[in-house]
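Structure record follows, encoded as structure tokens.
Since this is a predicted model, take the numbers as computed values, not measurements. Chain identifiers are assigned alphabetically (A, B, ...) following the order of the sequence lines, protein sequences preceding nucleic acid strands; residue numbering begins at 1 within each chain. Atoms considered below: every heavy atom in the structure, side chains included; atoms not considered: hydrogens, waters and symmetry mates.
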4 protein chains.
Amino acid sequence: MPKIVDHDQYRKELLMKCFDLFAEKGYASITMREIAKGLGVSTGTLYHYFPSKKDLFWQLFEEQTQQDNQAIAAALGNAETLEERIEGIFAFHGKHEDYFHKQILLAVDFYQQQEREEVINNETLKQMCEESRQFTAELLGIKDPALVNFGICLLMGLLLLRLFEGEVVPFEQQAQLLGKMLTLYLEQQKIQEGT
Amino acid sequence: MPKIVDHDQYRKELLMKCFDLFAEKGYASITMREIAKGLGVSTGTLYHYFPSKKDLFWQLFEEQTQQDNQAIAAALGNAETLEERIEGIFAFHGKHEDYFHKQILLAVDFYQQQEREEVINNETLKQMCEESRQFTAELLGIKDPALVNFGICLLMGLLLLRLFEGEVVPFEQQAQLLGKMLTLYLEQQKIQEGT
Amino acid sequence: MPKIVDHDQYRKELLMKCFDLFAEKGYASITMREIAKGLGVSTGTLYHYFPSKKDLFWQLFEEQTQQDNQAIAAALGNAETLEERIEGIFAFHGKHEDYFHKQILLAVDFYQQQEREEVINNETLKQMCEESRQFTAELLGIKDPALVNFGICLLMGLLLLRLFEGEVVPFEQQAQLLGKMLTLYLEQQKIQEGT
Amino acid sequence: MPKIVDHDQYRKELLMKCFDLFAEKGYASITMREIAKGLGVSTGTLYHYFPSKKDLFWQLFEEQTQQDNQAIAAALGNAETLEERIEGIFAFHGKHEDYFHKQILLAVDFYQQQEREEVINNETLKQMCEESRQFTAELLGIKDPALVNFGICLLMGLLLLRLFEGEVVPFEQQAQLLGKMLTLYLEQQKIQEGT
DNA sequence: TATGAATGAGACTTCATTCAT
DNA sequence: AATGAATGAAGTCTCATTCAT
């Protein structure tokens with residue numbers, strides 16, 4: 001094996017360690033020296049692996065995005081009913097809430113770093129969103145994209161709310177509501193279709 | 001006699017103009033010089049009205065928070081049915097989407113400026129959230145807090161999603177879904193209570 | 001009386017009040033706003049009476065210098081023997097030590113504000129020093145300039161030492177030493193001259 | 001491997017070079033840019049070695065203080081009689097008058113940088129003064145502290161006088177006076193003790 | 001005459017980045 | 001590959017001074 005493998009391997013290790021650092025202080029507020037210190041290397045070494053702060057941040061964002069869905073999929077058990085599956089997903093986010101909060105903060109930082117148009121046209125982002133959507137669709141066993149988005153929005157909103165307000169609104173409560181409503185809604189749809 | 005200026009009045013005017021500036025570049029990225037330029041005053045004048053960048057930012061956040069609900073209340077027509085009211089609220093947010101996106105960005109910036117615990121215990125924030133919740137409850141004519149939160153989360157999540165993905169998920173669609181689901185859910189609740 | 005008299009009168013009043021302000025923080029550290037506040041006027045008014053900070057400072061220095069010897073002369077009683085007179089002078093400086101410390105600080109600040117050569121050639125300063133020397137000579141009844149300077153140096157040095165070290169070295173002690181030494185010295189001189 | 005630089009060594013070198021810079025313009029008037037330029041380094045480097053202007057200034061003051069007595073001791077020949085020793089000390093100060101003038105200016109600047117009480121209770125200062133006093137006592141071979149202070153005051157006062165008035169009062173003259181007076185005084189003391 | 005809002009140059013300080021070792 | 005000293009542009013903030021009222 002050439003050295004390149006080690007280099008790349010090490011780069012990724014550093015990258016993963018960066019996640020907390022960036023999320024905790026924000027892109028603009030954390031300094032390269034702080035990052036280097038947090039990683040236990042010198043600034044020189046940091047720059048040896050990443051050409052610039054911006055680049056480091058984007059690499060982090062991409063890497064993070066890739067690892068996300070894998071993590072969720074791996075962690076989710078296989079529940080039976082729709083309601084159980086929903087509660088499973090919400091519970092998972094509750095369990096790893098700190099991580100998802102950081103994810104949101106990271107994403108907003110990412111957003112602030114570029115021009116509006118760029119964000120919306122950003123391929124990495126698009127792909128990530130699409131994957132996430134498909135993934136959720138499969139998990140829930142729902143096909144109507146509008147309904148999938150409904151669930152995703154509720155979950156994202158819940159995370160955002162709790163980011164600011166703390167534990168005021170419980171995951172379980174909202175999961176149960178969503179479960180019941182979706183079930184009711186889908187039943188009625190079937191009836192109407194049958195008509 | 002000094003120059004006749006209503007200090008406090010002028011301070012608020014400057015404050016309101018700051019909103020876009022902060023929201024567009026983010027707290028840490030925009031410089032006081034840029035803000036001053038954007039306001040059409042010198043840095044000296046800026047510091048005459050606000051003792052520091054941080055203070056300016058927090059004053060902005062408070063002022064903004066106060067004006068928000070007023071604006072929504074004023075703009076909202078008086079719809080009849082629950083579904084109409086929901087669609088009204090969503091449509092309003094769609095119409096002023098740019099503003100609400102900035103609001104979210106501002107809020108996240110606000111969040112990054114302080115220690116975690118502080119945010120959650122922050123009185124201004126608590127009050128703002130509470131008001132917003134009560135206000136939404138009244139608008140919708142719903143009393144169950146869990147349901148109110150359900151709606152709020154969906155709306156916030158939708159805004160967040162659209163911030164990153166653009167127009168992929170329409171306001172109207174989600175509003176209609178929420179309307180139908182809530183209606184179905186409430187009907188069923190009545191039946192069960194009746195039992 | 002024309003208004004000019006009032007103007008000048010007021011100017012001097014302000015000037016005298018400035019002494020403590022300058023002495024306490026130092027020329028460069030105190031701001032015009034602080035001075036204005038300390039005087040109980042606006043910055044505008046301050047600039048109405050003094051064209052610049054530098055000018056204000058120099059006017060202060062000159063005014064102060066003029067009032068000094070008058071104050072000392074007025075305050076000194078008429079002692080008989082040389083030793084008594086010396087102790088009187090030292091005691092007077094001890095009593096008004098705070099004032100003389102400020103005087104020194106002011107003088108050093110004055111010194112730092114200009115080029116070396118200027119200070120030494122400065123007429124105001126020369127005159128002040130000369131007056132002070134003659135004045136002291138008369139007070140002590142000593143004619144040999146070298147001896148007068150001896151006393152002046154001792155006193156200035158004592159003030160400077162106490163500025164930094166506090167009450168470590170007492171005025172009375174040094175005054176007595178000087179008194180005895182001068183007396184002894186003058187007696188011996190007489191004897192030698194008689195020879 | 002990093003650049004091989006003895007951090008502490010270099011820090012002290014920079015420190016010593018700062019002395020003239022501070023003394024010539026005064027603490028408040030000289031800028032960090034000017035200091036950096038005077039040292040031949042960038043402002044960044046300056047801040048790499050000293051966390052702030054204030055800290056740089058205090059470090060300078062301490063370092064200077066430490067080196068002073070060493071310099072005097074080293075420079076002083078071994079004179080025999082008291083009068084010779086006094087003249088030696090005065091001559092040394094005359095030879096390095098420019099340096100001692102700067103020392104005084106630096107000390108006064110130091111004084112202006114802090115609260116009054118702090119200065120008098122400052123440990124560094126106390127120690128410096130005490131050392132200086134003991135050192136002078138040994139040089140002169142005088143034990144009575146009052147007499148040592150007498151000499152120190154005279155010398156300090158002479159330096160201060162010459163700072164403002166230039167060469168008006170010669171070192172040699174005052175040294176001779178002090179020599180004679182002390183000798184006379186000590187002789188008389190012996191006689192009185194004998195009685 | 002008196003006020004204090006307004007100005008903008010310039011102060012101290014930080015920080016992404018480079019580079020000699 | 002790794003280090004951390006060095007850089008200097010740029011950030012926040014201050015302050016002597018001006019000027020409309």
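Summarising the geometry, atom CE belonging to C:M32 is positioned 8.5 Å from atom OG1 belonging to C:T43; distances are rounded to the nearest 0.5 Å. Rounded to the nearest 0.5 Å, atoms NE2 (D:H101) and CG (D:L105) are 8.5 Å apart.
At whole-Å resolution of the value, CD1 in B:I35 and C1' in F:dG11 are 12 Å apart. Atom NZ in B:K25 sits roughly 12 Å away from atom C1' in F:dG11 (whole-Å rounding). Between the CG atom of C:L14 and the P atom of E:dA2 there is a distance of 9 Å, rounded to whole Å. Residue C:L39 contributes atom CG, which lies 12 Å from atom P of E:dT3 at whole-angstrom precision. Between the CZ atom of B:R11 and the C1' atom of E:dA5 there is a distance of 16 Å, given to the nearest Å. Regarding C:K37, its NZ atom lies at a distance of 20 Å from the P atom of E:dA2, rounded to whole Å. Rounded to an integer number of Å, the gap from B:L46 CG to E:dA5 P is 15 Å. With rounding to whole Å, B:D6 atom CG is found 13 Å from E:dA5 atom C1'.
Taking a pair as Watson-Crick or G-U with both hydrogen-bonding distances under 3.5 Å, the stems of three or more pairs touching DNA chain E are E:2-21 with F:2-21.
Residue C:S42 has no polar side-chain atom (N or O) positioned under 4.0 Å from OP1 or OP2 of E:dA2. OP1 or OP2 of E:dT7 lies within a sub-4.0 Å distance of a side-chain N or O belonging to B:T45.
Residue A:Y49 is in sugar-phosphate contact alone, with no base atom involved, counting any heavy-atom pair closer than 4.0 Å across all strands shown.
Taking the six-membered ring where tryptophan is involved, the planes of D:Y111 and C:F164 are perpendicular, since the angle between them exceeds 60° and thus also 30°.
Residues meeting the ring pair (Phe, Tyr, Trp, His ring centres under 6.0 Å) test with D:F50, sequence neighbours left out: none. Annotation: side chain to side chain contact (heavy atoms under 4.5 Å, CB included) contacts of D:H48 (sequence neighbours excluded): D:H7. D:F110 is linked by a ring pair (Phe, Tyr, Trp, His ring centres under 6.0 Å) to D:W58, D:F61, counting only residues two or more places apart in sequence or in another chain. In this structure, the ring pair (Phe, Tyr, Trp, His ring centres under 6.0 Å) partners of B:F57, at least two apart in sequence or on a different chain, are B:F22, B:Y27.
Nearest nucleotide to the A:H48 side chain, out of F:dA1, F:dA5, E:dA2: F:dA1.
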* Take nucleotides 11-16 of chain E nucleotide by nucleotide from the 5' end and write B, S or -, depending on whether a protein heavy atom sits under 4.0 Å from the base, only from the sugar-phosphate, or from neither. => BBBBBB
* **Residue pair D:K25, C:Q112: steps toward the side chain to side chain contact (heavy atoms under 4.5 Å, CB included) verdict** => CA-CA 6 Å; D:K25 300 201 64 176; C:Q112 304 260 36; over 6 Å; no
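With hydrogens and angles ignored, the 3.5 Å screen pairs a side-chain donor or acceptor of A:K53 with a backbone N or O of A:I30.
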